[in-house]
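One structure below.
These numbers come from the heavy atoms of this one structure, side chains and all, not from hydrogens, waters or symmetry mates. Quick note on labels: first sequence line is chain A, next is B, and so on, each numbered from 1.
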Amino acid sequence: MELASKYDPRAIEEKWYQFWLDKKLFHSEPDNRVPYTIVIPPPNVTGVLHMGHMLNNTIQDVLVRRARMQGKNACWVPGTDHASIATEAKVVKMLAEKGIDKRSLSRDEFLKYAWEWKEQYGGIILKQLRKLGASCDWDRTAFTMDDVRYESVIRVFVDLYNKGLIYRGVRMVNWDPQALTAVSDEEVVYKESHGKLFYLRYYVADNETSSHQDSETARSLEVSKSQKYIVVATTRPETIMGDTAVCVHPEDERYQWLRGKKVIVPGVGRVVPIIMDEYVDREFGTGALKITPAHDINDYNLGMKYGLESIDIFNDNGTLNEHGGKYAGMDRFACRKAIMKDLEEAGLVEKTEDYTNKVGHSERTDAVIEPKLSAQWFLKMEGLAKKALEVVEDDTIRFHPAKFKNTYRHWLENIKDWCISRQLWWGHRIPAWYLDVNGRVETIVAHNEDEAKKIATEKYNYTGALRQDEDVLDTWFSSWLWPISLFDGIRNPDNPEINYYYPTADLITAPDIIFFWVARMIMAGEEYRKDVPFKNVYFTGIVRDKLGRKMSKQLGNSPDPIELMEKYGADGVRMGMLLTAPAGNDLPFDEAICEQGRNFSNKLWNALRLVSGWQIGDAQQSAENAVAVQWMEQRMAQVIEEIEKDFDQYRLSEALMASYKLAWDDFCSWYLEMVKPAYGTPIDRETYDATISIFSRLMLLLHPFMPFVTEEIWHALQTIGKDDEKAAFINANFSIMNQHMPTSVFYDQRMLDEFDTAREVIAGVRNIRNTRNLSPKEALEVSFIAVDDRYRFANFNGIVQKLANVSAINEVKEKPAGAISFMVGTMECFVPMPENVNKDEELKKLQDELKYAEGFLNSVLKKLSNEKFVGGAPAAVIEKERNKQRDAETKIAALKAQIAALS
RNA sequence: GGGAGUAUAGCUCAGCUGGUUCAGAGCGCCUGCCUUACAAGCAGGAGGUCACUGGUUCGAACCCUGUUACUCCCACCA
């Protein structure tokens with residue numbers, strides 16, 4: 001059968017993926033083999049594949065495929081994440097486009113829309129992963145909100161609550177007054193904004209009784225201009241209604257006189273204490289800070305520390321509430337203007353400056369974020385963090401690259417309790433119910449409403465309606481259970497699956513979620529399995545564009561992965577990504593590198609074309625071919641050893657590069673050229689079989705990286721020249737996927753060294769041809785003087801003759817007259833060519849070489865004459881230096897002789 | 001502001017325990033080739049003061065000091 005000269009991945013990739021699915025080759029069930037488990041970092045259920053996924057999943061697939069071929073029971077579990085914030089935002093937007101306001105819907109109505117959305121768009125990304133060749137066990141596909149996972153989350157919440165690790169508390173959240181929801185820190189974007197810095201006078205209240213006076217009296221005090229005051233700088237004068245203290249640095253000499261005093265909030269008349277705390281930056285403004293505990297996170301912390309009152313002056317929509325006094329009902333920004341006007345008039349403003357600072361805006365609505373106190377659920381971190389840190393510190397879990405240990409440690413040592421509630425509807429609703437008993441609100445945490453009702457009856461003798469908490473859990477509160485919940489290890493902690501597959505082997509993820517996800521999975525693992533969730537964490541880099549910018553939708557600098565795969569083939573794109581992606585390094589993505597991958601597929605394809613065209617003759621194997629096969633075997637064993645080492649250290653790009661060079665350079669450029677029969681002549685059976693075998697094993701080595709082209713070629717090689725057996729072979733489930741990965745074996749280093757010499761001789765001859773414009777068809781002669789057995793290459797004589805088109809190779813004692821020379825180690829090689837020798841050129845070349853050799857010898861001699869070196873360096877090192885000396889001396893003598901002969 | 005990291009060829013990176021002729025690889029570039037598998041190819045070649053500075057050592061790309069530049073993470077200044 002004729003093969004096209006260009007490899008076309010499209011049909012081939014589709015064919016084999018379907019084949020693998022049909023034969024259920026990705027499916028895993030517990031058995032006697034060693035398990036190798038990877039759980040996918042679940043992408044957002046409504047997301048689409050981007051370059052980050054491509055990288056991440058390619059790496060997972062490489063590891064899984066390799067493990068499978070190593071005879072392990074490989075199981076890669078796919079799934080998606082409900083991604084509460086992102087998904088809810090998308091649904092809200094979709095509804096808005098239809099003219100539906102989320103606030104007009106009931107929770108159930110909204111969730112119905114959300115589920116519809118999920119059914120429609122959910123899982124697109126998993127389909128896309130198939131194009132990439134991902135060998136996931138699709139039968140196990142999970143979703144963080146499917147029944148098993150939902151129930152697992154609820155159980156864990158109840159369990160942790162009962163253990164006293166979950167509590168409800170008040171915390172400052174980022175409030176979006178437009179969307180009327182709290183948003184996470186990640187959804188706040190800080191923007192430079194030009195505002196003003198207002199300097200306000202806070203008069204000292206001398207009369208101690210003034211703190212109990214009504215505001216009328218206070219206001220009359222305030223107009224008494226004879227009194228002293230302190231000036232406070234603020235960007236947000238509208239919040240002074242919530243001021244409950246003024247803070248200065250305890251060592252600030254300017255304000256020592258205020259120690260223990262009280263001041264009057266301008267325009268408000270409230271008398272508040274002066275407090276002293278080192279938090280204050282003396283350099284900023286006037287070194288005095290007004291404290292508004294309800295509306296600033298730092299003020300809130302100081303308020304807690306000094307037991308200050310917290311006065312919330314805003315409504316949820318950003319207008320002032322009843323605490324705003326005359327400004328009540330006014331928008332916060334309108335209020336800012338109004339209040340400044342009033343203060344100016346009252347003479348309470350010292351000055352106003354232009355000021356640029358960063359103001360948090362909501363990523364979604366662009367509204368200015370208002371810090372707001374609200375009740376939230378928290379998970380205590382202390383005990384969990386301690387264990388999670390230990391297992392990484394003692395290398396029970398290894399990070400690749402290890403530098404991320406530092407980041408991890410730093411975070412865990414400064415960890416705060418985890419706020420696990422979110423004011424959203426899409427997610428796992430918090431299983432807490434409230435009831436009023438004798439005017440008090442009681443909380444019941446239960447697995448479901450029925451259980452809650454039962455508890456209400458038993459504990460409080462209450463049979464009325466229960467009110468469930470409106471919030472849902474942070475998305476990470478389900479993903480942290482992922483390695484356990486995927487195998488139902490929360491609900492059924494002793495089931496055969498969890499016992500077999502857990503702990504998983506490797507986790508492949510991006511470093512930006514080391515805290516959100518990695519650390520928390522480790523905590524959950526320790527808490528619910530008393531064991532780590534994985535043994536290695538491979539941190540991928542971030543995919544950037546050529547200019548080093550992060551890929552993003554806004555910039556439009558992200559190529560569409562599907563289009564890329566159509567252009568270069570999935571194998572080409574996989575290889576392109578892996579070649580530039582050492583662990584933990586950012587990856588400046590350039591389409592050109594996928595081209596390299598495509599070219600490589602094509603190279604392999606053409607090697608198949610070559611081999612499949614060979615006719616087999618009756619001749620005995622020639623000595624040259626026998627040597628070629630032997631050498632290729634040695635070389636392959638050597639590279640396999642390298643590859644194994646690379647994989648052990650998770651250096652995937654190095655492993656791929658080594659395989660690439662083995663296939664392209666050693667196999668195609670050298671080996672195939674060595675054994676390739678002349679046009680029209682057959683090849684001997686022995687060499688042919690060896691070539692098929694080597695080629696096949698090469699495909700095995702490459703298969704984890706380039707699954708499609710290797711399966712195609714491997715199949716072709718097994719059935720080459722046996723068209724009638726092809727169908728049966730395919731039906732028999734034979735796949736490269738379940739072949740055994742070649743392992744390293746002993747190899748003969750001397751043979752490899754000898755070939756290197758031969759290769760240099762070949763290169764030397766080719767170079768002479770090249771520089772002198774000699775046709776490759778014109779056979780040349782080579783002679784050499786070998787003073788050192790290390791540089792003999794007798795076994796490769798025939799090969800040198802074939803590849804360099806040399807008619808004869810002679811060992812000589814003296815340099816032949818009229819020859820061009822070159823050196824390989826200490827061996828002098830000559831190509832007799834009297835008519836072509838340019839004496840001056842030759843002389844210059846030789847003299848340059850001599851100069852270098854002499855310089856080199858000098859440095860070696862210097863070392864060897866240094867007593868401290870001879871005394872201090874290891875014997876092996878000294879021996880090496882002696883060898884260098886001998887080699888250099890030999891070479892210098894040879895060069896001098898040549899120079900003498902020429903001149 | 002706190003923490004971590006990086007700096008080697010035009011680009012992206014290796015260089016492991018300081019010691020081979022150590023200054024490497026891939027891509028790119030240059031030259032010559034449509035040589036019966038492959039121009040998505042073949043052969044050959046040029047490219048670097050290992051950021052800078054001082055030190056340790058018989059010996060430094062590698063260890064230490066400082067400087068500079070960049071990157072990332074965390075916190076965020078009224």
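- Rounded to an integer number of Å, the gap from Trp664(A) CH2 to C38(B) C1' is 8 Å.
- Looking only at distances, a side-chain donor or acceptor of Thr234(A) sits under 3.5 Å from a matching main-chain atom of Arg236(A).
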(message) Quick one, Lys290(A) with Asp243(A), criterion salt bridge (Lys or Arg N to Asp or Glu O under 4.0 Å). Give me CA distance, side-chain angles, the key distance, then yes/no.
(response) CA-CA 7 Å; Lys290(A) 72 186 204 61; Asp243(A) 282 5; 2.8 Å; yes
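- In this structure, A69(B) forms a base pair with U6(B), meeting either the Watson-Crick or the G-U wobble geometry with both donor-acceptor distances under 3.5 Å.
- Contact check on Lys676(A) versus Glu673(A) returns a salt bridge, with a Lys/Arg side-chain nitrogen under 4.0 Å from an Asp/Glu carboxylate oxygen.
- With a cut-off of 3.5 Å on both pairing distances, the Watson-Crick or G-U wobble partner of C42(B) is G32(B).
- When only modelled atom types and interatomic distance are considered, Glu889(A) and Gln885(A) share a side-chain donor-acceptor pair under 3.5 Å.
- Phosphate proximity of A4(B) to Tyr408(A): absent, as no side-chain N or O sits under 4.0 Å from OP1 or OP2.
- Taking only side-chain atoms of Thr407(A), from C-beta outward, the nucleotide of C73(B), A43(B), G3(B) with the closest atom is C73(B).
- Lys403(A) places its NZ atom 6 Å from the C1' atom of G5(B), with the value rounded to the nearest Å.
- Taking atom NZ of residue Lys405(A) and atom P of nucleotide G5(B), one finds them 13 Å apart after rounding to whole Å.
- Side-chain atoms of Ser5(A) lie closest to C38(B) of the nucleotides G15(B), C73(B), C38(B).
- Of the N and O atoms on the side chains of Tyr671(A) and Thr691(A), at least one donor lies less than 3.5 Å from an acceptor on the other residue.
- Within 4.0 Å (heavy atoms only), Lys777(A) reaches no atom of the nucleic acid at all.
- If you check G44(B), C38(B), A43(B) against the side chain of Arg609(A), the one that comes closest is C38(B).
- A distance of 6.0 Å or more separates the ring centres of Phe399(A) and Phe404(A).
- Contact annotation for Asp590(A): no contact, since no heavy-atom pair falls under 4.0 Å across all strands.
- The side chain of Arg766(A) has A43(B) as its nearest neighbour among A43(B), A14(B), G41(B).
- Ion pairing between Arg790(A) and Asp887(A) holds under the 4.0 Å rule for side-chain N and carboxylate O.
- The stretch residues 592-605 of chain A touches RNA chain B through Gln596(A), Arg598(A), Asn599(A), Asn602(A), Lys603(A), each having a heavy atom within less than 4.0 Å of the strand.
- Distance from the side chain of Phe515(A) is smallest to C73(B) among A39(B), C73(B), A78(B).
- Spacing between atom CH2 of Trp411(A) and atom P of A75(B) amounts to 10 Å, rounded to whole angstrom units.
- Note on Asn406(A): only backbone sugar-phosphate atoms sit closer than 4.0 angstrom, heavy atoms only; bases stay farther off.
- Of the candidate nucleotides C38(B), G45(B), G26(B), G45(B) has the atom nearest to the side chain of Asn767(A).
- As the counterpart of C62(B), no nucleotide is assigned, since no Watson-Crick or G-U wobble pattern has both distances under 3.5 Å.
- OP1 or OP2 of A37(B) lies within a sub-4.0 Å distance of a side-chain N or O belonging to Lys676(A).
- When all heavy atoms of Thr286(A) and Arg254(A) are compared, the pair lying nearest together is O-NH1, 3.4 Å.
- To the nearest angstrom, C1' of C11(B) lies 15 Å from CZ of Phe589(A).
- Across all strands shown, Arg236(A) has no heavy atoms under 4.0 Å from either base or sugar-phosphate atoms.
- Here Lys661(A) lies in heavy-atom contact (under 4.0 Å) with sugar-phosphate atoms only.
- Side-chain atoms of Asn602(A) do not come within 3.5 Å of backbone N or O of Arg598(A) as any donor-acceptor pair.
- For Glu673(A) against A43(B), no side-chain N or O and base N or O form a donor-acceptor pair under 3.5 Å.
- Here Gln649(A) lies out of heavy-atom contact (under 4.0 Å) with every strand.
- In this structure, Leu803(A) atom CG and C42(B) atom P are separated by 14 Å, rounded to whole Å.
- Here C74(B) presents its P atom at 12 Å from CD1 of Ile513(A), a figure rounded to the nearest Å.
- Close to G15(B), at under 4.0 Å from its OP1 or OP2, lies a side-chain N or O of Arg651(A).
- Rounded to an integer number of Å, the gap from CZ of Phe516(A) to P of C73(B) is 11 Å.
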